[in-house]
Amino acid sequence: MEEFTKFVRGGILGPIKKWGTKWSLWPVHLVTACCGAELAHAFACGYDGERIGALNYGIARQTNLIIVEGAITRKMARVLRITWEQMPDPKFVIVMGACGLNGGIFWNGYNLVKPSEVVPVEFFIPGCPPTPEALLRGIRQLQIKLDKGVAENSVSFSEVKAEKGKKPRILPRGVKKVSLAPCIVIAREKEVEWELGKNLCEKLKVLGRAVITARNRIALKVDPDKLRSSAMKLRDLGFDHVKSVNVVDAPNEGKFIVEYWISSYSVKELMPVLINLHSEISRREPKISSLSDIFPSADYLEREMQDLFGVEFVGNPWKGRFLLAPDAPEAPLRKDFKLQEEVYVGD
Ligand code: SF4
């Protein structure tokens, strides 16, 4: 078998094999992030990536190219590795997008993994997102590389001894990047022509710091003990539901920022308006009053935040696990949550 492989690669068939590989780069469908939209664009009728022999295919075992589309999380790193291992040799990896290069907008994300730590990468295509032209150029670069070299196997197998009684595990390695001093700016005032917003801000200023952050958006920062009275005031003004509840963890500042996005379904002129009502609470005692009795739509959202960040919403009737499995760890979305060390075994 080895003799035959040598003959195909280096013998008279070598150039034909190389030519065939060059014009048959079939990327596996593995969309991981928003860069995937640009990949779709590159292979749609306008750019028609198939012109250069690249044809997206759904089955890992019949493909020879992975185009990693942007961000890879820990969860997807495992999928990336398993897909790569299922592909026959020779196989290649192109990473597109700033996220795949060095984290991009998720640079301090607790769960981001660099694709180059999971699989060997041939080319990086920078951009957020890169254009379809850039992606096709990346594929052309790979073809040029194949022209100059040989389509070699990228895997060399080695035996891995597992601990006695245990199977070797194939898992992604952890990335340990936490922002040292996260700069969280929620309410930066802007010069915006918006009469209704200015009137609303005037009415809300008695509660806390109310600023217009964009047309139709107002950020209202209040002390935690004024959160409920502020929510009631907003309800009196015609705001009738909470669209989203978020918690921002700032471990180096020792605080959580709890924010409610509030809007209206019943007052026409308030419908486009979004109020970001937020408060800061200490990380040591993460408790804040629930708004679920004032805005019932906040109820489930508070339960999620309770699960994921361990922030207690005093007054919310829910006391158990909502989103997470009963045996899941406490508050996994906190920035200092310690992930289990995971390592690859293999070549
Ligand atoms: S590089 Fe930009 S477009 Fe691509 S996955 Fe990251 S955020 Fe999305």
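Atoms within a ligand are numbered from 1 in the order they appear, just like the ligands themselves.
In terms of protein heavy-atom proximity, atom 3 (S) of ligand 1 is closest to Pro129 CB, 3.4 Å. At the top of the distance list for atom 1 (S) of ligand 1, counting protein heavy atoms only, stands Ala98 N, 3.3 Å. In terms of protein heavy-atom proximity, atom 2 (Fe) of ligand 1 is nearest to Cys128 SG, 2.4 Å. Ranking protein heavy atoms by distance to atom 8 (Fe) of ligand 1, first place goes to Cys34 SG, 2.1 Å.
Between Ala71 and ligand 1 there is a heavy-atom distance shorter than 4.0 Å. Heavy-atom distances between Gly127 and ligand 1 reach below 4.0 Å in at least one pair.
With ligand atoms numbered from 1 in the order given, ligand 1 contributes 1 (S) to contacts under 4.0 Å with heavy atoms of Gly97. Shown in contact with Ile105 at under 4.0 Å from a heavy atom are these atoms of ligand 1, numbered in order with element: 7 (S). Atoms of ligand 1 lying under 4.0 Å from any heavy atom of Gly70, numbered from 1 in the order shown and given with element: 5 (S). Each of the following atoms of ligand 1 lies closer than 4.0 Å to a heavy atom of Ala33: 5 (S).
Geometrically, Lys145 engages Phe123 in a cation-pi contact, judged by NZ or CZ lying under 6.0 Å from the ring centre and within 45° of the ring axis.
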>> Could you walk me through whether Ile218 and Asn276 satisfy the side chain to side chain contact (heavy atoms under 4.5 Å, CB included) test, starting with their C-alpha distance in whole Å, then the side-chain angles of each, then the deciding distance to 0.1 Å, before giving a yes or no?
In response: CA-CA 6 Å; Ile218 292 173; Asn276 176 300; over 6 Å; no
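Taking 2.8 Å as the criterion, Cys35 counts as a coordinating residue of atom 4 (Fe) of ligand 1, since one of its N, O or S atoms falls below it.
For atom 7 (S) of ligand 1, the nearest non-hydrogen atom from the set Gly104, Pro126, Cys99 belongs to Cys99.
Side-chain atoms of Phe322 and Gln306, non-hydrogen and from C-beta on, never get closer than 4.5 Å to each other. Proximity of Phe92 to Leu146: side-chain heavy atoms (C-beta onward) are separated by under 4.5 Å at one or more points. Side-chain atoms of Lys17 and Pro90, non-hydrogen and from C-beta on, do get closer than 4.5 Å to each other.
Placement of Met232 and Leu234 within a single hydrophobic cluster is found when ILVMFWY residues are connected by side-chain heavy-atom separations under 4.5 Å, directly or transitively.
The distance between the ring centers of His278 and Tyr260 does not fall below 6.0 angstrom. Aromatic rings of His241 and Tyr265 (six-membered ring for Trp) have centroids within the 6.0 Å cut-off, being under it.
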